[in-house]
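Remember, it's a predicted structure, so these values are computed and weren't measured experimentally.
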Number of protein chains: 2
Amino acid sequence: MTIVDSADELGRRDRKKLETRAALEHAALTLVAERGLAAVTVEDIAEAVDVSSRTFFNYFPSKEDALIGPGPASAAELRAKLEAVPAEVPVLEALRLITRSELERVQERPEQWMLRLRVYEQNPSLLPKLVSSGSEAEQVVMAAVARRCGVEPGTTGYPELATGAALVAVRVAMTRWSAAGGRLALTDLADEAFAQLAAGLPNP
Amino acid sequence: MTIVDSADELGRRDRKKLETRAALEHAALTLVAERGLAAVTVEDIAEAVDVSSRTFFNYFPSKEDALIGPGPASAAELRAKLEAVPAEVPVLEALRLITRSELERVQERPEQWMLRLRVYEQNPSLLPKLVSSGSEAEQVVMAAVARRCGVEPGTTGYPELATGAALVAVRVAMTRWSAAGGRLALTDLADEAFAQLAAGLPNP
DNA sequence: GCAAAAATTTCAGGATCTGCAATGTTTCAG
DNA sequence: CTGAAACATTGCAGATCCTGAAATTTTTGC
């Protein structure tokens, strides 16, 4: 019996919680992929997992949130990662580096994410949430970028612009990855997008 | 009696419709600015204008839509404008030009738009809709960019990236404009953002 | 005026989402 | 093993959102 338990050694309770959450996510994704967002009710999803619809709302604040998937690890983690990049590295390159690890996590679950991305394509009302602007994560990254540049946030617009552009690059990479059926490496696609940004988006 | 009526010569009916729509927009904006999005119901808005709540939904598909304001003129118009720009002009510059006229329209109604932008700041859940990705307008512009570059849409990601980056530039410009209380010209702020994009977002 | 067209209203109803209280489970200390 | 505390699930009531359809009122063109 080790003193420090491995991270995924959880009690029965938390294990069941994770199971239920995953089951709800999965049911939501497959049902919406089959029938479309509007034709799936929360009750349908809950029934597929055999829990009450009230329980669904204990896990997700809205139907859409069950489709969004895990966002970035945590705002604090993102911030730490960004601050770990040496100051000489240009901002855009730093942003590329910290998104890379997020995208690697996406790439590890191809089926799940391709399904998710297909759902997004077919239900464009979800698209704004794919990399949701205004999210806490974006705010934190933006603030860190501002600090890195020695700019007051909200004065030059540079941090907002760089962060926003990076999110667009991520979104484009994911969409292309989905369209290519996973035959291209997601990280390569992201690198390409970042390179185009760094080059000033010259005509191709 | 001229043969061609001026554009805003409308019958009483259409005039009233515009009035009602404007009144609903205004009521929605002021109420939400005062109390916050969650604390304002559709019934509140309808009551403030003295119409039934069902009528509200005849004008707007959702509560949020009453706050969003007039999007781009029309998708077809955007497309035409973009195609009117000579082919030698770089894509990003072309995008700057067509967004400029949209922003000029915003600048003409400063109070209304500053109010709107304040509401957006205070209710971040609306932010993704400020320049809504996935909207018809974005799709059309993206397709036009693809044509202009002679690229198949969805293969290189360039049109998506350029269009998305342009929208970020617009969003940043509007946010800064709002933060500056309108003391700076919105079009100048947008020009600045586009210049940073074209320069490849170098560290400031 | 009068009849057609259009806008508004009323009504019924499905769906989303939130508190709250009751009822099970899981955990942990003794 | 056992009881109590902690936590998860559930049912229920209710507010709000949004839609379709039919009834009613207003506007328009003649």
Among dC18(D), dC20(C), dC17(C), which nucleotide has an atom closest to any side-chain atom of Phe57(B)?
dC18(D)
Would you say Thr55(B) reaches dT8(C)'s phosphate, i.e. side-chain N/O to OP1/OP2 under 4.0 Å?
no
Would you classify Tyr59(B) as touching base, sugar-phosphate or nothing, given that sugar-phosphate means primed atoms plus P, OP1 and OP2, and contacts are heavy atoms under 4.0 Å?
sugar-phosphate
Closer than 4.0 angstrom, basic N to acidic O: yes or no for Arg171(A) and Glu138(B)?
yes
Heavy atoms from C-beta onward define the side chain here; which of dT10(C), dC18(D), dT18(C) lies closest to that of Glu64(B)?
dC18(D)
Taking dT16(D), dT16(C), dC7(D) as options, the one with an atom nearest any side-chain atom of Thr41(B) is dT16(D)
Classify the nucleic acid contact of Ser53(B) as base, sugar-phosphate or nothing, counting any heavy atom under 4.0 Å across all strands shown.
nothing
Cationic N near anionic O, under 4.0 Å, Glu108(A) to Arg105(A):
no
Does this structure show an ion pair linking Arg79(A) with Glu83(A), if we count only N-O contacts that are shorter than 4.0 Å?
yes
Would you mind telling me which of dT8(C), dG20(D), dT16(C) lies closest to the side-chain atoms of Thr20(B)?
dT8(C)
Which of dT27(C), dT18(C), dA7(C) is nearest the side chain of Arg13(A)? It is dT27(C)
Before accepting this row, confirm whether a basic side-chain N of the pair Glu160(A)/Arg176(B) lies closer than 4.0 Å to the acidic partner's carboxylate O.
no
Measuring from the side chain of Lys16(B) (C-beta onward, heavy atoms only), which nucleotide among dT10(C), dT18(C), dT27(D) has the closest atom?
dT27(D)
Among dC17(D), dC17(C), dA8(D), which nucleotide sits nearest the side chain of Lys63(A)?
dC17(C)
